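The figures here come from the full heavy-atom set of this structure, side chains too, leaving out hydrogens, waters and symmetry mates. Just so it is clear: chains get the letters A, B, ... in the order the sequence lines come, proteins before strands, and each one is counted from 1. Since this is a predicted model, take the numbers as computed values, not measurements.
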Protein chains: 2
Amino acid sequence: MAKNEKVTIYDISKKLNISAATVSRALNNNPKISLKTRELVLKTAQELNYKQNRLALALKSGKTNSIGVIVPYINRNFFSAVIYGIEKLLAPHGYNVIICQSHEDANNEANHIAALLNTQVDGIFMSVSKTTQDTSHIEKILENGTPLIFFDRKKDIPGVSSVTIDDFRGGYMATEHLIQQGARRVAHFCGDLNLEIYRNRHNGYLKALEDYDIPLDNGLIVHTNSRIEAGADALAKLWSKKKRPDAIFSSSDYAALGAIQELRKLEVEIPDEVGVVGFSNEPFTKYMELPMSSVDQTPATMGELAAQVFLEQINNDQHVLSVEKRDVLAPELIVRRSSDKKRTLIGKHPVSKG
Amino acid sequence: MAKNEKVTIYDISKKLNISAATVSRALNNNPKISLKTRELVLKTAQELNYKQNRLALALKSGKTNSIGVIVPYINRNFFSAVIYGIEKLLAPHGYNVIICQSHEDANNEANHIAALLNTQVDGIFMSVSKTTQDTSHIEKILENGTPLIFFDRKKDIPGVSSVTIDDFRGGYMATEHLIQQGARRVAHFCGDLNLEIYRNRHNGYLKALEDYDIPLDNGLIVHTNSRIEAGADALAKLWSKKKRPDAIFSSSDYAALGAIQELRKLEVEIPDEVGVVGFSNEPFTKYMELPMSSVDQTPATMGELAAQVFLEQINNDQHVLSVEKRDVLAPELIVRRSSDKKRTLIGKHPVSKG
DNA sequence: AAATTGTTTGTAATCGATTGCACCAAATTA
DNA sequence: TAATTTGGTGCAATCGATTACAAACAATTT
């Protein structure tokens with residue numbers, strides 16, 4: 001019970017007058033050990049409160065039983081939910097999860113990767129930062145022979161598995177919903193096109209307009225980041241034009257929130273005059289006084305799936321990392337008051353949850 | 001460059017025809033090594049792309065250069081901000097941060113502690129879960145000789161350092177502010193009294209009433225957890241009584257949000273009829289259409305301070321853990337529209353930020 | 001030139017667990 | 001009874017880095 005009284009297999013072996021090798025084998029259920037010895041060892045191990053030293057094991061085996069997760073921020077509900085999914089699946093397998101935040105900075109990302117590789121994690125899960133252009137720091141993971149799994153925000157690197165949602169479909173559903181609500185001039189808050197997810201949402205938006213024979217007005221597409229202020233600015237820009245929108249599909253919940261705040265200042269009726277749909281289904285969208293429609297990315301599922309992909313990958317022939325998998329989940333459109341005119345007008349309206 | 005081509009000090013020693021000991025000393029700037037040898041080793045190490053194996057080092061030294069942080073949830077802004085503070089200070093010292101979520105469950109907490117001790121982290125930072133009564137699992141950390149630092153939510157265990165805010169003062173300031181805004185019937189949403197932080201906020205509330213000669217009405221104190229629904233329920237309960245409150249000090253931002261939503265449904269004017277102040281200054285409180293007053297806990301500072309305490313502790317005589325420190329930070333009252341009647345009435349009004 | 005000091009390097013043990021190989025005793029077969 | 005198989009253990013190397021101690025060599029003093 002005293003401090004630092006670390007019990008090793010040698011302590012057990014001395015007490016029982018057998019070799020440490022035998023103790024090790026007994027503890028690992030090696031079949032070549034007699035039942036009596038095994039039981040004796042197990043009993044003694046319990047008595048002495050033996051705990052396997054993971055460092056020694058790690059040094060010997062090269063496996064640390066810990067994995068790294070790199071996300072832009074941990075306090076975005078989306079990312080924390082993914083992390084939860086990963087933890088949930090991996091904890092029962094004895095993995096420790098090391099979480100790193102890039103703060104959307106490619107340099108931080110590179111530093112974290114270096115630290116994780118140095119720690120010799122057994123795998124890395126990541127959602128790349130917005131500022132990441134060059135991917136050489138990411139490729140170091142592969143050069144190191146460490147399994148890598150992208151989730152949500154990925155880069156196209158051959159041999160790397162990824163779990164994402166169908167952002168194209170998400171963008172399409174959101175836009176279609178607004179059109180079905182009667183909108184004819186749907187604006188789009190477009191995220192950084194450097195990231196695939198925003199490109200796909202944007203393309204979904206374009207396709208929906210096309211399918212519903214709505215002419216594209218490039219003036220309705222505003223490039224923003226996902227901050228509240230950016231959304232407010234974007235709305236101001238749209239409002240300063242002669243031809244204003246009658247709906248907004250924002251690729252970010254935060255930007256959508258900024259727009260809603262601005263619209264209310266301008267005393268514009270939501271959703272009657274302008275319908276709004278965000279993306280991510282952050283909890284606040286539900287709790288707003290005017291609850292916001294959004295596209296849910298099923299982050300917990302994404303995390304669990306990513307963890308599964310990892311487990312499959314390391315259970316395969318150790319070094320055949322070429323088992324590239326690309327899971328694409330279906331997004332869910334959650335319709336709330338910011339875009340639902342059912343009380344006021346219009347016939348057919350789709351999904352309604354949350 | 002190829003996979004798994006791990007370079008060790010032996011590779012360097014072979015290439016230079018010197019012993020591994022010399023290489024090790026050269027790399028560690030041991031003064032007993034000649035300049036030429038040192039430079040040669042350093043140069044060769046670079047050429048071969050040598051990376052120190054942290055596992056071997058950890059096994060030898062018993063230090064893993066990683067620390068564990070246990071929080072109830074990572075997606076509460078307060079906790080993620082503390083974590084950021086810890087990371088910021090510790091990363092330059094080469095520490096990896098392993099983050100665990102207890103989900104307010106004492107069992108999870110115990111499991112995470114066991115896992116962290118097994119990983120042989122160099123220290124543990126924790127904010128205890130609401131359901132934690134028995135502290136025997138926490139004391140295991142001390143028995144293990146591992147430094148432990150509480151932040152925000154602590155248990156009174158001798159020899160354990162802690163960094164908290166002055167919750168009493170926070171509760172006092174919030175209540176005083178409401179009184180100065182003209183309130184005479186201040187309700188209190190009281191958190192789980194099992195936790196010191198909620199007891200202190202509660203006591204601060206009581207003291208402010210006393211100091212301002214406002215009679216205590218126990219009917220105005222409602223016990224809630226920190227969920228939105230709980231706040232809504234609490235308000236409904238208060239509203240069903242004959243004597244309703246004219247202000248609410250909630251020990252949780254989430255419960256305060258629930259109350260505000262309910263008040264708006266009832267078409268009660270905020271802050272004119274009922275002023276509301278929350279606690280934590282979660283970001284949403286600022287972005288609400290009716291921005292909420294709250295008490296800021298300066299979480300980033302808290303994290304940095306906790307990290308500093310840790311560094312001091314391990315730099316002291318290794319095993320004198322008795323350097324117990326108790327840092328108490330000052331909370332900040334952030335006044336926003338949910339409680340600020342300055343437009344409408346009343347004279348003196350205090351701090352106003354955010 | 002011999003003795004002394006000081007600088008630089010090597011040898012080998014250590015941290016704790018795992019595992020290929022060798023070995024011995026008991027059980028089986030010839 | 002001798003030869004062979006089998007089950008159960010021990011020996012010793014290994015993972016990579018650190019470090020007391022010893023040894024070798026150079027520089028200095030007498």
Check: residues 9-17 of chain B side-chain donor-acceptor pairs under 3.5 Å, at least two apart:
residue : atom : partner : partner atom : Å
B:Asp11 : OD2  : B:Thr8  : N            : 2.8
B:Ser13 : OG   : B:Tyr10 : O            : 2.8

Inset, instruction - Could you tell me whether B:Arg153 and B:Glu104 have a side-chain N and a carboxylate O separated by less than 4.0 Å? - result: yes
Inset, instruction - Just jot down the salt bridge (Lys or Arg N to Asp or Glu O under 4.0 Å) partners of B:Lys154, sequence neighbours excluded, or say none. - result: B:Asp156, B:Glu196
Inset, instruction - Would you mind classifying the nucleic acid contact of A:Leu57 as base, sugar-phosphate or nothing, using non-hydrogen atoms under 4.0 angstrom? - result: sugar-phosphate
Legend entry - Neighbours of DNA chain C within residues 9-16 of chain B, by heavy-atom distance under 4.0 Å: none
Legend entry - Check: A:Thr132 main-chain N/O paired with A:Glu109 side-chain donor or acceptor under 3.5 Å: no
Inset, instruction - Answer with yes or no whether the side chains of B:Asn65 and B:Lys63 bring together a donor and an acceptor at under 3.5 Å. - result: no
Inset, instruction - Taking salt bridge (Lys or Arg N to Asp or Glu O under 4.0 Å) as the test, write out the residues that go with A:Asp134, two or more places apart. - result: none
Legend entry - With sequence neighbours excluded, residues passing salt bridge (Lys or Arg N to Asp or Glu O under 4.0 Å) with B:Arg76: none
Inset, instruction - Please list residues of residues 18-31 of chain B whose heavy atoms come under 4.0 Å from any atom in DNA chain C, ordered by number; otherwise none. - result: B:Ile18, B:Ser19, B:Ala21, B:Thr22, B:Arg25
Inset, instruction - Please confirm whether the backbone N or O of A:Ala58 pairs with a side-chain atom of A:Thr64, one donor and one acceptor, at under 3.5 Å? - result: no
Inset, instruction - Output yes when A:Lys43 and A:Glu39 qualify as a salt bridge under the 4.0 Å nitrogen-oxygen rule, no when they do not. - result: no
Inset, instruction - Using the ring pair (Phe, Tyr, Trp, His ring centres under 6.0 Å) rule, collect all pairs that involve residues 19-74 of chain B, keeping only residues at least two apart or in two chains. - result: B:Tyr73-B:His103
Legend entry - Those residues that, when tested against A:Ser127, pass side chain to side chain donor-acceptor pair (under 3.5 Å) (two or more places apart): none
Legend entry - Qualifying ring pair (Phe, Tyr, Trp, His ring centres under 6.0 Å) pairs, either residue in residues 120-161 of chain B, two or more places apart: B:Phe125-B:Phe310
Legend entry - Where chain B begins and ends its contact with DNA chain C, read 5' to 3' at 4.0 Å from heavy atoms: C:dT8 to C:dG16
Legend entry - Distance in angstrom units between A:Lys60 NZ and D:dA17 P, rounded: 16 Å
Legend entry - Any residue meeting ring-ring contact (aromatic ring centres under 6.0 Å, His included) with B:His93, in chain and number order, not counting sequence neighbours: none
Inset, instruction - Note the angle between the end axes of the helix from C:dA1-D:dT30 to C:dA30-D:dT1, five pairs defining each, rounded to 10 degrees. - result: 60°
Inset, instruction - Nearest whole angstrom, please: distance from the C1' of D:dC25 to the NZ of B:Lys32. - result: 15 Å
Inset, instruction - Just call it for B:Thr37: base, sugar-phosphate, or nothing, with non-hydrogen atoms closer than 4.0 Å on any strand. - result: sugar-phosphate
Legend entry - Rounded distance (Å) that lies between atom P of D:dT14 and atom CG of A:Leu59: 14 Å
